[in-house]
Amino acid sequence: MYGEKAVELIRQLHRSPDGSLPPFNEDGIRQVLEEMRVLFEQNQADVNKTVDGAPGLFPGVQLRHAALERNKRCLLAYMFNRMERLRAMRWEFGSVLPPDIKYNLSEQEIQWFSRYNKSLAAYMRSIGGPSGGGLDLTQDLKPPKSLYIEVRCLMDHGEFETEDGTILLLKKDSQHFLQRSQCEHLIRQGVLEHIL
Amino acid sequence: MDDLDIEEGSDEEVEQMTAAEALAMVEKAWLNEKFSPELLPHKQDLVDVMLDQLNGMQENISRAKKGDLKASIHKMEIDRIRYVLASYLRIRLEKIEKFVHHLLEEEAELGEDVPSRMSPEELQHAKNFAANMETLFNDVVLRHMPRNLKKLEGSKVAASPNKDSYVFLQVQEQVDQVMVDTAGDQGDEAIDLEKGSQHIMRYRVVAPLINNDAVTLI
């Protein structure tokens with residue numbers, strides 16, 4: 001009662017490590033909303049009684065109202081922080097989410113994600129004016145130290161054609177010396193590993 | 001990133017400034033944006049010029065011989081400039097999304113002739129982002145709340161930049177009589193900023209000086 005369930009939601013999210021997303025706790029949210037409904041009804045009843053002349057009920061009303069506001073704030077914080085993590089994943093994984101993460105999302109969050117994607121893509125395309133062709137901001141995440149980097153394949157990826165037309169076979173455990181700009185997205189997908 | 005310079009790609013530059021100057025300005029804008037707690041006015045022209053430049057250089061290089069040492073050095077240069085640009089825009093986007101309520105409110109209060117902090121595209125994205133967030137909140141929780149709590153009071157819960165945070169800055173032009181309110185009971189104190197000196201100050205005090213290039217954040 002009085003906001004405990006809502007705090008439990010926040011705790012649950014807080015306990016999960018950064019960069020991961022626990023399953024959407026629909027049941028928890030439903031319980032908090034139910035609690036809010038009950039509190040609100042009690043308040044309504046007490047307010048009506050006070051209007052009719054019953055004394056001493058006002059502090060209770062205030063307490064319940066504070067609990068209501070706290071519940072609201074906690075629910076919003078829960079939603080907002082999940083959204084923030086989801087947003088971070090857009091930058092990390094690109095526009096397609098891995099299935100295990102998608103599994104933990106609610107229907108509405110998936111919708112949010114696709115709308116965010118669309119807006120972001122439209123923005124990135126618009127950079128540099130209509131003729132500029134845009135700039136992919138999700139590339140070049142780290143300052144470039146050298147033009148070529150050494151990478152190791154972590155899985156079989158098949159053939160890969162570089163910008164100048166050479167075709168490489170990316171086999172598991174093979175090592176290559178590639179232009180950083182060309183293999184950055186493969187590194188983020190986990191196909192290649194940057195060897196220092 | 002201190003030895004950046006682009007020499008040969010610069011001949012198709014038609015603006016009054018040279019490519020090297022433009023680059024220096026981009027870098028300054030980037031650093032200012034990076035270290036300032038709030039969103040600074042956008043430098044869209046600069047970004048456009050720089051992107052043009054990049055595309056030009058890219059073409060020059062594709063004509064060069066394969067394995068030419070000069071070409072790969074230029075390629076490196078392009079990568080670095082692109083990083084600066086992407087990072088600059090990325091930082092702005094992060095701030096826009098974080099302070100979206102605050103910024104849109106500010107935007108609504110602006111007069112007709114006051115330029116916006118955001119470029120039209122950024123503004124569009126900010127609006128989309130805010131609307132999108134509100135839809136999410138509404139659909140999942142707000143819709144089911146008792147009737148007096150259904151509204152999302154953005155200004156109450158949204159984050160706004162902390163203008164009292166401290167920033168490092170370097171003085172580019174002599175500025176006299178900057179009012180700094182000291183902690184405690186001595187009231188305000190006026191100080192002179194000597195050219196070339198470096199300070200740590202509260203952002204609020206120096207915010208106007210950043211916009212007219214008198215100081216840069218470092």
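Heavy-atom pairs under 4.5 Å with chain B peak, among A/Glu26, A/Arg30, A/Met83, A/Glu41, at A/Met83. Among B/Asp79, B/Asn132, B/Val140, the residue making the largest number of heavy-atom pairs under 4.5 Å with chain A is B/Asn132. No other option in A/Arg87, A/Lys118, A/Glu109 has as many heavy-atom pairs under 4.5 Å with chain B as A/Arg87. Most heavy-atom pairs under 4.5 Å with chain A: of the set B/Leu93, B/Leu85, B/Thr135, this distinction falls to B/Leu93.
For the 3.5 Å distance criterion, the side chains of B/Gln170 and B/His199 fail to qualify, holding no donor opposite an acceptor. There is a side-chain donor-acceptor pair under 3.5 Å between A/Arg85 and A/Ser16. Between the side chains of A/Asp46 and A/Gln42, not a single donor N or O lies within less than 3.5 Å of an accepting N or O. With 3.5 Å as the limit, one finds no donor-acceptor pair spanning the side chains of B/Asn128 and A/Arg115.
Of the atoms belonging to A/Gln44, it is side-chain heavy atoms, and not backbone ones, that fall under 4.5 Å from chain B. Using a 4.5 Å cut-off between heavy atoms, B/Leu142 touches chain A through its side chain atoms alone. A/Tyr78 does not touch chain B: none of its heavy atoms, backbone or side chain, sits under 4.5 Å away. The parts of A/Met79 that come within reach of chain B are both its backbone and its side chain, each placing non-hydrogen atoms under 4.5 angstrom from that chain. Using a 4.5 Å cut-off between heavy atoms, B/Glu122 touches chain A through backbone and side chain atoms alike. Residue A/Ile29 touches chain B through its side chain alone, counting heavy-atom pairs closer than 4.5 Å. In this structure, chain B has no heavy atom under 4.5 Å from any part of A/Phe113.
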Going through the distances and angles, do B/Tyr203 and B/Glu38 end up as a side-chain hydrogen bond (donor to acceptor under 3.5 Å, both in side chains)? CA-CA 9 Å; B/Tyr203 175 75; B/Glu38 69 169 346; 3.0 Å; yes
Give the intermediate values and the outcome of ring-ring contact (aromatic ring centres under 6.0 Å, His included) for residues A/Tyr116 and B/Phe129. CA-CA 7 Å; A/Tyr116 178 66; B/Phe129 189 79; 5.7 Å; yes
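Here A/Glu34 pairs with A/Arg37 in a salt bridge; the nearest charged N to carboxylate O distance falls below 4.0 Å.
A/Asn104 contributes a side-chain N or O that, together with a main-chain N or O of A/Leu21, makes up a donor-acceptor pair within less than 3.5 Å.
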